[in-house]
Amino acid sequence: MLLDGKIVANEKMTKIKSEIDSIKDKFKITPYLHLIQVGNNSASTIYANSKIKRGKKLGIEVELEKFDAIDQQLLVDHIKSLNAKKDVNGIMIESPLPDGMSFYEAVNNITFYKDSDGMTAYNQGNLSMKNEMIAPATARAVIDILEYYKVSGKRVCIINRSSVVGRPLAMLLLNRDYTVTICHSKTADIKKICRENDTVVVAVGSPAFLTMDYVTEQSTVIDVGINYSEEKITGDADFDGIKDFVENITPVPGGVGIVTATDIFENFLNGLKYQIENKK
Ligand code: NAP
C-alpha cells in the first residue's frame with residue numbers, strides 16, 4: 001500500500017485551521033510565526049517560503065527575517081528580544097546557518113513554548129518524560145503516518161541517530177509502546193536488523209540506499225530522506241525497486257515531507273495554546 005502523506009497532511013491542516021480560527025475568534029489575536037534566515041542557502045529559502053504559504057492557508061501570519069550575515073551573539077540577543085515580544089507566538093531559525101555559527105546554540109535560546117521546530121534541549125528532553133507538547137516535526141510526521149494508516153507491527157528500526165529525526169522519533173515510538181532499534185553508520189548488519197523489524201524508517205540522505213536486501217514482504221518502509229538531483233527529488237529508498245514487494249511504503253515527494261511541513265504548525269498551535277492558557 002502506498003502511504004500517501006498528502007491525505008494525512010490535509011486532514012491535519014483542517015484540524016489545525018479550525019483550532020486557529022476559534023482562537024482568533026475568541027481572543028481577537030493574529031497568530032504570528034517569525035522565521036530567521038542567515039545567509040542565502042537556496043533550499044532554506046524554499047522551505048521558508050513554503051511555510052509562509054502554508055501559514056496563510058491556516059490563518060497564521062508568517063514572516064521571514066533575512067540576515068546576509070550576523071554575529072552569533074547578536075543572533076542570540078535578537079532571539080531573546082523576540083522571546084520577550086507577546087505578539088510573537090513562534091520562532092524558527094532556518095537551517096543551515098553559515099559556517100562558523102552554531103545552530104544548536106542559537107535555537108536553544110528560543111523560549112520552549114515558541115520553539116515551533118521542537119529543537120530546544122528542553123522540548124527534546126520533555127519527550128522522554130512523555131510530554132509531547134512540542135516535538136521535532138519530522139518525528140511527529142512519522143508517527144502521524146503510522147497512526148493514520150494503522151500500520152501494524154510494533155518493532156521499528158530507524159536508520160538515523162540525529163536530533164532532528166532518529167532520537168526524537170525513538171522517544172515518540174517508545175511512548176507508544178514500540179520496540180525501537182536505532183542504526184547508524186557504525187552499525188553492523190543493518191540489512192539483517194531491518195529485515196527483523198516490522199517497520200524501517202530510513203533517513204540517511206543517500207538516494208536508493210534502501211534496497212531489497214533491507215526488506216521483507218511484510219515490511220513497512222517510511223522514507224524520510226530528501227535528495228535533490230537535477231531532475232527531481234528522491235528519498236533514500238529504491239522506490240521503484242521495492243514498492244511492489246513490501247507491504248507499505250511512503251513516496252518521496254508526497255510522503256513524510258508534506259506531513260512534516262504541516263506538523264510544524266501543530267507545534268506552533270500547541271505553543272500558542274500554552275501562551276494563552278498561561279498568559280505568556
Ligand atoms: P544527518 O544528521 O546527516 O543524519 C544522517 C544519519 O544517517 C546519521 O545518523 C548517519 O549515521 C546515518 N547514516 C549515514 N550513512 C549511513 C550508512 N551508510 N549506513 C547507516 N547509517 C548511515 O541528517 P538528518 O538531518 O538527520 O537528515 C537525514 C535525511 O532526512 C536527509 O536526507 C534529510 O534531507 C532528510 N530529512 C527529511 C525531512 C522530511 O521532512 N522529510 C526532515 C529532516 C530531514 P552517523 O550518525 O553515524 O553519521
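Treat the numbers as computed from the prediction; the structure is a model and nothing was measured. Whatever order the structure lists ligands and atoms in, that order sets their numbers, starting from 1.
Near I190, meaning under 4.0 Å from one of its heavy atoms, ligand 1 places the atoms 19 (N), 20 (C). Residue V165 has at least one heavy-atom neighbour below 4.0 Å for each of these atoms of ligand 1: 26 (O). Below 4.0 Å from some heavy atom of G257 lie the following atoms of ligand 1, by number and element: 40 (O), 41 (N). Within ligand 1, the atoms closer than 4.0 Å to a non-hydrogen atom of I226 are 32 (O), 34 (O), 35 (C), 37 (C), 38 (C), 39 (C), 41 (N), numbered from 1 in the order shown. Near R161, with a cut-off below 4.0 Å to any heavy atom, the atoms of ligand 1 are 9 (O), 45 (P), 46 (O), 47 (O). The I159 neighbourhood of ligand 1 comprises atoms 20 (C), 21 (N), with distances under 4.0 Å to a heavy atom of that residue.
Close N/O approach between N160 and ligand 1 is found [any backbone or side-chain N/O within under 3.5 Å].
Scanning the protein for heavy atoms near atom 1 (P) of ligand 1, the closest one is S162 CB, 4.3 Å. Protein heavy atom nearest atom 15 (N) of ligand 1, with residue, atom name and distance: V204 CB, 4.1 Å. Distance from atom 18 (N) of ligand 1 to its nearest protein heavy atom, with residue and atom name: F209 CE1, 3.5 Å. Looking at atom 28 (C) of ligand 1, its nearest protein heavy atom turns out to be A203 O, 3.3 Å. Summary of contacts: the protein heavy atom closest to atom 31 (C) of ligand 1 is G205 CA, 3.9 Å. Protein heavy atom at the shortest distance from atom 43 (C) of ligand 1 is T138 OG1, 3.7 Å.
By heavy-atom distance, the residue among P96, S185, S163 lying nearest atom 45 (P) of ligand 1 is S185. The residue among D223, V224, L210 with a heavy atom at the shortest distance from atom 35 (C) of ligand 1 is V224.
Taking the six-membered ring where tryptophan is involved, the planes of H78 and H34 are perpendicular, since the angle between them exceeds 60° and thus also 30°. Ring planes of F112 and Y122: tilted class, angle from 30 to 60°.
Side chain of R176 to main chain of K154: no donor-acceptor pair is present (N/O by atom type, distance under 3.5 Å, no hydrogens or angles). Side-chain atoms of S102 come within 3.5 Å of backbone N or O of E105 as a donor-acceptor pair.
I79 approaches I91 most closely through the heavy-atom pair O-CD1, 4.4 Å.
Here T260 has side-chain heavy atoms under 4.0 Å from ligand 1, and that is the only part of it that gets that close.
By the definition of a contact as any protein heavy atom under 4.0 Å away, atom 3 (O) of ligand 1 is not in contact.
Other residues, nucleotides and ligands contribute over 12 non-hydrogen atoms within 6.0 Å of the CG atom of N278.
Taking 4.0 Å as the cut-off between side-chain N and carboxylate O, K51 and E94 count as a salt-bridged pair.
At a 4.0 Å cut-off, at least one heavy atom of G225 sits close enough to ligand 1 to count as contact.
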Between T234 and F239, does a side-chain contact (heavy atoms from CB on, under 4.5 Å) hold up when you go through it step by step? CA-CA 9 Å; T234 56; F239 185 78; over 6 Å; no

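In this model, a donor atom of one side chain and an acceptor atom of the other lie less than 3.5 Å apart for N123 and T120. Side-chain N/O atoms of N267 and S116 include no donor and acceptor closer than 3.5 Å. Using modelled atom types, one finds a donor on one side chain and an acceptor on the other under 3.5 Å when comparing Q37 with S44.
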